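Below is one structure, written out as structure tokens; comments come after it.
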Protein chains: 2
Amino acid sequence: MLAAERRDHLLELLAREGKIVAKDVAAELGISEDSVRRDLRDLAGEGLCQRVYGGALPVSPAVADYRSRRSVAPEGKLKVAAVAAGLVRLGGTVILDGGTTALAVVHALPQGLACTVITHSPTIAAALIDHPRVEIFLIGGRVFKHSAVACGAAAVEAAQNVSADLCLLGVTGVHPDAGLTTGDAEEAAMKRALSARAADTYVLASSEKIGTASRFRVLPWDGISGLITDADPRQPVIEQLTAQGVEILPAG
Amino acid sequence: MLAAERRDHLLELLAREGKIVAKDVAAELGISEDSVRRDLRDLAGEGLCQRVYGGALPVSPAVADYRSRRSVAPEGKLKVAAVAAGLVRLGGTVILDGGTTALAVVHALPQGLACTVITHSPTIAAALIDHPRVEIFLIGGRVFKHSAVACGAAAVEAAQNVSADLCLLGVTGVHPDAGLTTGDAEEAAMKRALSARAADTYVLASSEKIGTASRFRVLPWDGISGLITDADPRQPVIEQLTAQGVEILPAG
DNA sequence: ACGATACATGCAGAAACGTGCAAGAACAGG
DNA sequence: CCTGTTCTTGCACGTTTCTGCATGTATCGT
């Protein structure tokens with residue numbers, strides 16, 4: 001059993017079972033608990049798992065319960081959301097866009113995580129009420145019905161007064177030529193304003209968005225730090241994006 | 001069962017059930033009550049739950065209350081909401097406070113009514129999405145968990161930029177001497193700021209609020225146009241208010 | 001006021017942990 | 001092919017953490 005092989009096994013086990021018990025794995029693989037502990041320590045160091053007494057848990061405990069929730073939202077969006085939730089650091093500040101994928105991100109956030117979420121979506125804000133340690137800052141403005149987010153001059157102005165480490169942006173189209181697009185000009189402007197207030201911007205792009213384009217450009221490729229998607233990395237569109245220097249965070 | 005896993009379980013249980021009974025959980029998980037108590041003590045120490053005799057409750061009792069209250073709006077609130085919804089005129093602009101009664105007002109609004117609603121509650125805004133002809137303006141700011149509304153300096157500032165015909169205000173206490181009161185100073189200030197931006201202010205006061213007082217004064221009696229309540233008009237408290245010149249809109 | 005229940009504390013055994021160490025494998029260079 | 005180096009792995013040891021039990025105390029309901 002190679003060390004790397006063992007690591008993969010641990011990650012797979014973690015994804016499947018939702019937890020790892022060091023003792024059990026050691027017995028199952030016929031190796032010492034020390035080795036398992038060492039592996040888990042390394043994985044935790046890379047942020048791939050959360051070390052706890054007796055074993056390890058997924059970085060976001062919500063990965064386990066996404067199995068139970070996947071009936072609610074499409075599986076792809078949940079995978080993307082889980083990865084996105086993993087980007088949110090303890091004590092950090094994140095700007096969260098509206099949309100169903102962003103809502104899935106809220107559900108994927110660990111219950112006890114302490115952080116600040118800035119959003120222009122009343123739906124997202126309402127969902128966050130259930131997260132006891134999340135500080136919520138709501139960006140007001142005229143609420144656009146079709147996407148249920150605050151847009152317009154007042155909202156853009158309000159957005160100028162916030163700053164964040166991370167911006168998680170939803171879009172409706174991800175296309176090699178057209179770039180990141182959405183269906184409404186006001187929304188596109190709002191997304192730009194939000195993205196500009198964060199150090200890093202990651203785009204939530206479940207597979208059905210890949211290769212499609214909508215009417216209004218949101219951001220150019222170099223305006224984002226990366227793309228989170230569950231689409232096959234070997235897919236031509238994705239390969240093309242990778243070639244263009246876009247960082248791809250797989251949500252396999 | 002890992003210790004950390006148990007903690008997650010407790011938090012999840014707390015979110016789902018709204019309470020934890022140490023004895024029951026101990027039996028369910030097959031561990032000693034001591035361990036459960038220790039976990040609860042730790043969680044309480046981190047501010048993730050509120051320790052009570054026999055188990056634990058969510059950090060802010062209001063959160064759980066809010067969840068249970070919003071599902072079943074008591075008959076009194078529905079009556080009050082119906083009367084309040086009747087005050088909203090076609091094409092008019094109304095400032096709608098947060099809270100369960102205000103939420104009931106949203107549901108009581110005629111489906112096709114065209115008007116503008118200004119609110120600092122993400123919950124109210126989200127509920128209004130379903131009303132196709134209602135224009136929504138969201139007041140942003142820091143969201144206070146226990147009442148799920150935007151408060152604080154940013155919210156008050158944002159409120160200065162709107163004007164309305166009508167303000168429908170929720171309170172937690174209506175008392176002849178103490179006046180209109182609520183449990184949080186920030187909330188009280190916010191309610192004042194909202195009320196100041198409307199020509200008329202009506203208070204939503206279902207019967208259980210009548211005769212009670214909370215810690216912080218919202219408005220004096222002459223700051224409001226009237227009180228909407230389902231309480232018996234012959235009740236001493238109501239008669240006293242009438243004598244003080246407060247207009248009573250019965251929601252019998 | 002009293003019994004019942006829940007609680008905090010101290011304690012001891014067990015389990016998990018980190019660290020240092022040595023044996024062995026993989027590897028590079030001579 | 002040999003040797004020195006590096007990395008991995010398992011073991012031993014002392015330490016920390018967890019858990020259940022026992023004790024005495026506090027709190028609740030009657």
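Predicted model, so just to flag it, every value in this text is computed and none were measured. Chain identifiers are assigned alphabetically (A, B, ...) following the order of the sequence lines, protein sequences preceding nucleic acid strands; residue numbering begins at 1 within each chain.
Summarising the geometry, the separation between CG on B/Leu29 and C1' on D/dT19 is reported as 14 Å, rounded to the nearest angstrom. Taking atom CZ of B/Arg7 as the reference point, atom P of D/dT19 lies 12 Å away to the nearest angstrom. One atom, CD of B/Glu33, and another, P of D/dC21, lie 11 Å apart when rounded to the nearest Å. Straight-line distance from the CE atom of B/Met1 to the C1' atom of D/dT19: 14 Å, rounded to whole Å.
Of all non-hydrogen atoms in A/Gly223 and A/Ser195, the two that sit nearest each other are O-OG, 4.1 Å.
With sequence neighbours excluded, the residues forming a salt bridge (charged side-chain N to carboxylate O under 4.0 Å, His left out) with A/Arg7 are A/Glu46, listed by chain and number. For B/Ala3, the side chain to side chain contact (heavy atoms under 4.5 Å, CB included) partners two or more places apart in sequence, or in a different chain, are B/Arg6. Residues satisfying the side-chain hydrogen bond (donor to acceptor under 3.5 Å, both in side chains) test with A/Lys19, not counting sequence neighbours, are B/Glu5.
With hydrogens and angles left out, the side-chain atoms of A/Arg197 and A/Ser163 include a donor and acceptor closer than 3.5 Å. Counted by atom type alone, A/Thr100 and A/Lys77 present one or more donor-acceptor pairs between their side chains at under 3.5 Å. A donor atom on one side chain and an acceptor atom on the other are not found under 3.5 Å apart for A/Ser225 and A/Thr201.
Nucleotides of DNA chain C nearest to A/Val21 and B/Lys23 differ in position, and the one nearer the 5' end is that of B/Lys23.
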Scoring nucleotides 11-18 of chain D by protein non-hydrogen atoms under 4.0 Å (B base, S sugar-phosphate only, - none) yields BB----BS
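Of the options B/Met190, B/Glu186, B/Glu187, a side-chain contact (heavy atoms from CB on, under 4.5 Å) to B/Phe144 is made by B/Glu186 and by none of the others.
Two end axes, each from the C1' atoms of five base pairs, can be drawn for the helix from C/dA1-D/dT30 to C/dG30-D/dC1; they diverge by 40°, to 10 degrees.
For the pair B/His175 (side chain) and B/Asp177 (backbone), a donor-acceptor distance under 3.5 Å is present.
A/Leu109 places a side-chain heavy atom less than 4.5 Å from the side chain of A/Val88. Side-chain atoms of B/Leu180 and B/Trp221, non-hydrogen and from C-beta on, do get closer than 4.5 Å to each other.
Protein chain B touches strand DNA chain C; the 5'-most and 3'-most nucleotides with an atom under 4.0 angstrom of its non-hydrogen atoms are C/dT5 to C/dT9.
Looking at heavy-atom distances under 4.0 Å, A/Val52 makes contact with sugar-phosphate atoms alone, never a base.
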